[in-house]
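None of the values given here were measured: they were computed from a predicted structure.
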Amino acid sequence: MIQIQADRTAITVSDGSRILRTAPWDCRIILPDGRVSRFSDAVCASEPLKNGIGAGVKQRWSGFPEIPALELECRIYAENATGDIIFELIPIHDAEIEEILWPAPFENPKADAYTVLPLMQGALVPNYTKQTFPDAWDIIPGYTEYRHSCSRSMYMSFFGQYDGEGGSMTILETRYDAAMTVQSGEGQPVLCAARWRESLGMIRYPRRLRVKCFAPGADYNDMAQAYRAYVDAQGELITLKQKAAKNPKVKELIGKPIVHTHIWYHTQPDSDAYDKDHPEKNDRRQSFDAVGEKLRRLKDHGLMDAVVHLDGWGRRGYDNQHPDYLPPAEDLGGWDGMKRLANTCHKLGYFFGTHDQYRDYFYDADTFDESYAVHNRDGGVSSHAIWMGGKQTFLCATQAPYYVRRNFGEIKAHDIHLDNTYLDVFSCVELDECYSPEHPMTREQCAEYRMKCFDLVSSDGILVQSEEGIDWAFPGLIFVHHAPFAPSNCPGPEKSAGIPIPLLEMVYHDCLITPYTPSGDNLLFGWLTGGATYIDEDADAETIAECNARTAWQKQVQMRKIIHHELIDGNPCRQKVSFEGGFTAEIDLDHQCWTVSGPRK
């Protein structure tokens, strides 16, 4: 029988064989102006909780010094049906907040403990690591990457910890306004905790997380399978076989390498990327017909299958004037040239697809109207000029489906048949919320509008791709651009945050196609997971032969689940994956080598 004890400072969970205790960590509320209101300063009234769902403890918190109107009910109970521990934070009397950090993280001071983090593709973090994991990453200069759920810094909405005596994982059930914080450093155990973000400035609705406990011998493999089962129970685990039943092109896509090519890269003078010292570098172009010639050479050299990803085909090239980028670049072939390129692809047996974008909202777009941008809490809009097109803000996702319908309709009206399209950044950047009174939008609604864009495109038989492997988007996607490992944030020889493992693939391998670049560690991880591959538009016959070997392996395993991953002899540089059906892959990152095998016939 599970016992739960909770007081003002700690929560303890015991199932008779293992005890979980929260760390001595002061839970707190961050206010919009940066002030902090701590649970330890508030009034707490506790009482037992028992109902038809489970049993545990109920706490009523009030009298927060900085926010006297706020009243919260916190419920911690063991769910009868599953034995999972449920944590619920319920606003009885709401207030303006920035975020709430509750509950405190469970602690595990053992030297052999590992923390499992969905940092991008995934990582294992050994206890007492020297690495630190700050809550803000400066991955792109001028951008702050916060560890939000449903963003590139948290591909899946769970984290966990295990040692030789078992472990636990935390699933953020109310994921859209959630985040996580990770504390680590030499001489201290790793702590990982949930953060609850405001939703249009308030708490607004109950927040909920689920803790699953694991018996001795369990590790990150068990957590990956438990999360897969959880997603499946929510109706969100849609396999490639299921997607292929709706669109047979899904099966044809498997084994096609991706040729990432372009028509026009043009940088505006007001862009941060503009090269004043070398102005000739600000404009690179090739015609639609020139791209067609390169594709014919690839076919002549032995590339029998491919999927084309075409950048910069719009009226002023890549990352310019969205969402009003039509007609295609007129000086480089226009509508007729684009149609010839599409027809060339289809004659070669290649898929033809375009890069597209419905979040970046450029000030010099024909129909730009700032009132349709994402509005911040203060009523203003954000802007920057990082990308080639110059000054931009962000289009509210409530408006995006209208532009998708308009633009794809016009492409179709010109008799250009797309096999695939890439809706940029939707499965990369965090979900937006918009405070405009004309089109208010929560983060969850933002996800729904982005998914509507995916559905509008796929309803016409077009395979949908977006940027990275964030799992809220997977029901609407067939493939992504990549799903890389998180970069390290500390000096030294470390390449990745923690020990890189293909955690995302362990959950979703048979649900989504993930390409890998054919060089360095990425090449090896592509072999390990049987992912898709990229190939250069100018590849020679030898490179194509190597590419064909990788695509043959992908065809064998892409629709198979990963059933186990291991660090061979505990060495992070030697990894092995086992797929259902008896297929295996091993890599050695130190020696840059790999082996793959299938069942004996």
For this session: Show your reasoning for whether salt bridge (charged side-chain N to carboxylate O under 4.0 Å, His left out) applies to Arg574 and Asp569.
Result: CA-CA 8 Å; Arg574 296 184 62 206; Asp569 299 327; 3.4 Å; yes

Exercise. Do Lys212 and Ile171 have side chains that get closer than 4.5 Å, going by heavy atoms?
Worked result: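 Side chain of Lys212 against side chain of Ile171, heavy atoms only: contact under 4.5 Å found.
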
Exercise. Does any non-hydrogen side-chain atom of Trp527 lie less than 4.5 Å from one of Trp553?
Worked result: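 Sidechains of Trp527 and Trp553: in contact.
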
Check ring-ring contact (aromatic ring centres under 6.0 Å, His included) between [X] and all other residues, then give those that pass, not counting sequence neighbours.
{"X": "Trp196", "answer": "none"}
{"X": "Tyr358", "answer": "none"}
{"X": "Trp472", "answer": "none"}
{"X": "His262", "answer": "Tyr265"}

Problem set entry | Thr533: which of Glu546, Arg550, Gln554 passes side-chain hydrogen bond (donor to acceptor under 3.5 Å, both in side chains) |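 When Glu546, Arg550, Gln554 are each tested with Thr533, the side-chain hydrogen bond (donor to acceptor under 3.5 Å, both in side chains) holds only for Arg550.
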
Taking only residues two or more places apart in sequence, or in another chain, which ones meet [X] in a side chain to side chain donor-acceptor pair (under 3.5 Å)?
{"X": "Thr584", "value": "Ser597"}
{"X": "Glu173", "value": "Arg208, Arg210, Tyr230"}
{"X": "Thr398", "value": "none"}
{"X": "Tyr534", "value": "His481"}

Please identify each residue that fulfils salt bridge (charged side-chain N to carboxylate O under 4.0 Å, His left out) with [X], with sequence neighbours left out.
{"X": "Lys243", "result": "none"}
{"X": "Asp590", "result": "none"}
{"X": "Lys561", "result": "none"}
{"X": "Asp356", "result": "none"}

Can you establish whether the number of heavy atoms outside [X] located under 6.0 Å from its atom [atom1] is more than 12?
{"X": "Lys294", "atom1": "NZ", "result": "yes"}
{"X": "Tyr449", "atom1": "OH", "result": "no"}
{"X": "Phe362", "atom1": "CZ", "result": "yes"}

Exercise. When the ring planes of Phe485 and Phe525 are compared, do they come out parallel, tilted or perpendicular, using 30° and 60° as the limits?
Worked result: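 Rings of Phe485 and Phe525: tilted, as their planes differ by 30° to 60°.
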
Exercise. Is the NZ or CZ atom of Arg560 both under 6.0 Å from the centre of the six-membered ring of Phe579 and within 45° of that ring's axis?
Worked result: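 Negative - Arg560 is either too far from the ring of Phe579 or too far off its axis.
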
For this session: Find out whether the Lys NZ or Arg CZ of Arg207 is both under 6.0 angstrom from the six-membered ring centre of Tyr205 and within 45° of the ring's axis.
Result: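 Geometry flag: set, cation within 6.0 Å and 45°.
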
Exercise. Are Arg195 and Glu99 close enough, and set up right, to give a salt bridge (charged side-chain N to carboxylate O under 4.0 Å, His left out), and what steps lead you there?
Worked result: CA-CA 7 Å; Arg195 307 164 80 132; Glu99 65 175 4; 2.8 Å; yes

Exercise. So among Phe352, Tyr422, Tyr325, which one has a ring-ring contact (aromatic ring centres under 6.0 Å, His included) with Trp313?
Worked result: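 The passing option is Tyr325.
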
